[in-house]
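Encoded as structure tokens, the structure appears first; notes follow it.
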Amino acid sequence: MEEVRCWEPEYECMDREDLEQLQLERLQSTLTRVYRNVPFYRKKFDELGINPEDVTSLSDLRNLPFTTKDDLRENYPYGLFAVPLREVVRIHASSGTTGMSTVVGYTKNDIKTWSNLVARILTAGGVTKDDVVQIAFGYGLFTGGFGLHYGAERIGASVIPISSGNTRRQIKIMQDFKTTALVCTPSYALLIADTIHEMGVNVNSLSLKYGLFGAEPWSEGMRKEIEEKLKIIATDNYGLSEVMGPGVAGECLERNGLHINEDHFLVEVVDPETLEPVEPGEVGELVITTLTKEAFPVIRFRTRDLTRLITEPCACGRTSVRMSRVMGRTDDMLIIKGVNVFPSQIEAVLFEIEGTEPHYQIVIDRKGALDEVTVYVEVSESIFFDQMKKQREMIEYIKKRLAAELGISVDVKLVEKKTLERFEGKAKRVIDRRKL
Ligand code: DLL
């Protein structure tokens, strides 16, 4: 194992009892602030007869109301801010792919906290001040670019704010500037890896050591693929703009779950139907309460992300609870022939199959009353297309593996290399024609 490196060991390796005391104090002060400053929360608390002073233990959190993305939309743009706008130094917004965008703000202090928390994630993923960090997340209203940028600067690394896109130039910069750490979405990392290969660049001639990837779900198979192609150690990090952006949780080099920055975020996992807590270690929807945010605190925010909590100690020495990689979002879940299917399950199967490329697309159509799913998969050998028998065997094999995993049969179509769309930011792998 590598030597343990923490950015803020006094918090990251805190004694659990002390941590819970700190969480409670911070929760109480957050509740008092939102009650005083945000009419939306005051109204909700009043309706339920909750006085922030009644919250005297962490278990009282369960009595507080949830906050949803719809609440944020209804209060667009500044309705949920807990400070006057003159104290806000930065505004970000979510992309709004699933509706109207949501707007979040940061005070000077929030930016400081955010930078520190991202610095923790980067440190956990192997980055130090000696690294040259290429940030290939989009800079803009999306929190990825600026979030990682400030964290990397905080560490003292040399930051290349290249943003996403222009993949060949990314690689030229990577060569010339001797990039040691790449930061982007996993799907963009894959596109970069494939482009390196296409350009005939020898990956061993690059200085890359670490890859810190997040902002979208990815499978263990995809991690292996990226690690092998780029010859790096790849870690997963998680966050969402409504809660802060990147910096909520991230893996250490043990790569066995994402350490949650629990001194700043209180997490719960609930059953998305009943909203009751799941059994410890079970999968459910992650709910987050911010403990230190000034401009945009959220109480029991329903993330829609499905994960489970891991409480077993980690060999790295951090004492925080971890979350498993996000399996998908409740709103990504496809219900096909009555069976719940997550795109991530399909990805996991495809990555295990020899001869397929890590590029796929899932198309859902409605034929009469029935939903039909077709999985398009790129194959490595174009030769395949001259050999009908081999092709049929491959299709049957993939279908069988998918049916075993999903419990329903889906159609599979093989396509030639480089036919499916590539992504520079978050990948869109599902095309739901039922909604078009
Ligand atoms: O994606 C923040 C971020 C930027 C995280 C860079 C990590 C790195 P949003 O655009 O608001 O914020 O999207 C948040 O993306 O609710 C998840 O569904 C998904 N997501 C984020 N990180 C991961 C991850 C940023 N590591 C939404 N694994 C979240 C799976 C992720 N899904």
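Predicted model, so just to flag it, every value in this text is computed and none were measured. Every number for a ligand or one of its atoms is a count from 1 in the order of the listing.
For the residue pair Thr107 / Asp110, a side-chain donor-acceptor distance below 3.5 Å is found, with atom types taken as modelled. Counted by atom type alone, Ser94 and Ser101 present zero donor-acceptor pairs between their side chains at under 3.5 Å.
Of the candidates Asp305, Leu306, Asp331, the one placing a heavy atom closest to atom 16 (O) of ligand 1 is Asp305. Closest heavy-atom approach to atom 25 (C) of ligand 1 among the candidates Gly247, Gly239, Gly147: Gly239.
By the 4.0 Å N-to-carboxylate-O rule, Lys224 lies too far from Glu227 to be salt-bridged with it. With respect to the salt-bridge test (charged N to carboxylate O, under 4.0 angstrom), the residues Lys43 and Glu47 qualify.
At a 4.0 Å cut-off, at least one heavy atom of Lys426 sits close enough to ligand 1 to count as contact.
Between Thr303 and ligand 1, no N or O atom pair is found at a separation short of 3.5 Å. Here's the thing with Trp218: none of its N/O atoms is less than 3.5 angstrom from an N/O atom of ligand 1. Considering backbone and side-chain atoms together, Asn237 places an N or O closer than 3.5 Å to an N or O of ligand 1.
A donor-acceptor pair under 3.5 Å links the side-chain atoms of Arg255 to the main chain of Leu253, judged by distance alone.
In summary, the atoms of ligand 1 found under 4.0 Å from a heavy atom of Phe137, numbered by their order in the structure, are 6 (C), 8 (C). Atoms of ligand 1 lying under 4.0 Å from any heavy atom of Leu240, numbered from 1 in the order shown and given with element: 11 (O), 12 (O), 14 (C), 16 (O). Remark: ligand 1 atoms within the under-4.0 Å shell around heavy atoms of Gly144 are 4 (C), 6 (C). Counting the atoms of ligand 1 from 1 in the order shown, those under 4.0 Å from a heavy atom of Thr143 are 2 (C), 12 (O). Close contacts between ligand 1 and Phe142 involve ligand atoms 1 (O), 4 (C), 10 (O), 25 (C) [criterion: under 4.0 Å to a heavy atom].
Heavy-atom contacts from other residues, nucleotides or ligands closer than 6.0 Å to OH of Tyr11 number 12 or fewer. Applying the 6.0 Å contact sphere to CD of Glu273 captures no more than 12 heavy atoms from other residues, nucleotides or ligands.
Counting only heavy atoms from C-beta outward, the side chains of Tyr188 and Thr167 approach each other to under 4.5 Å.
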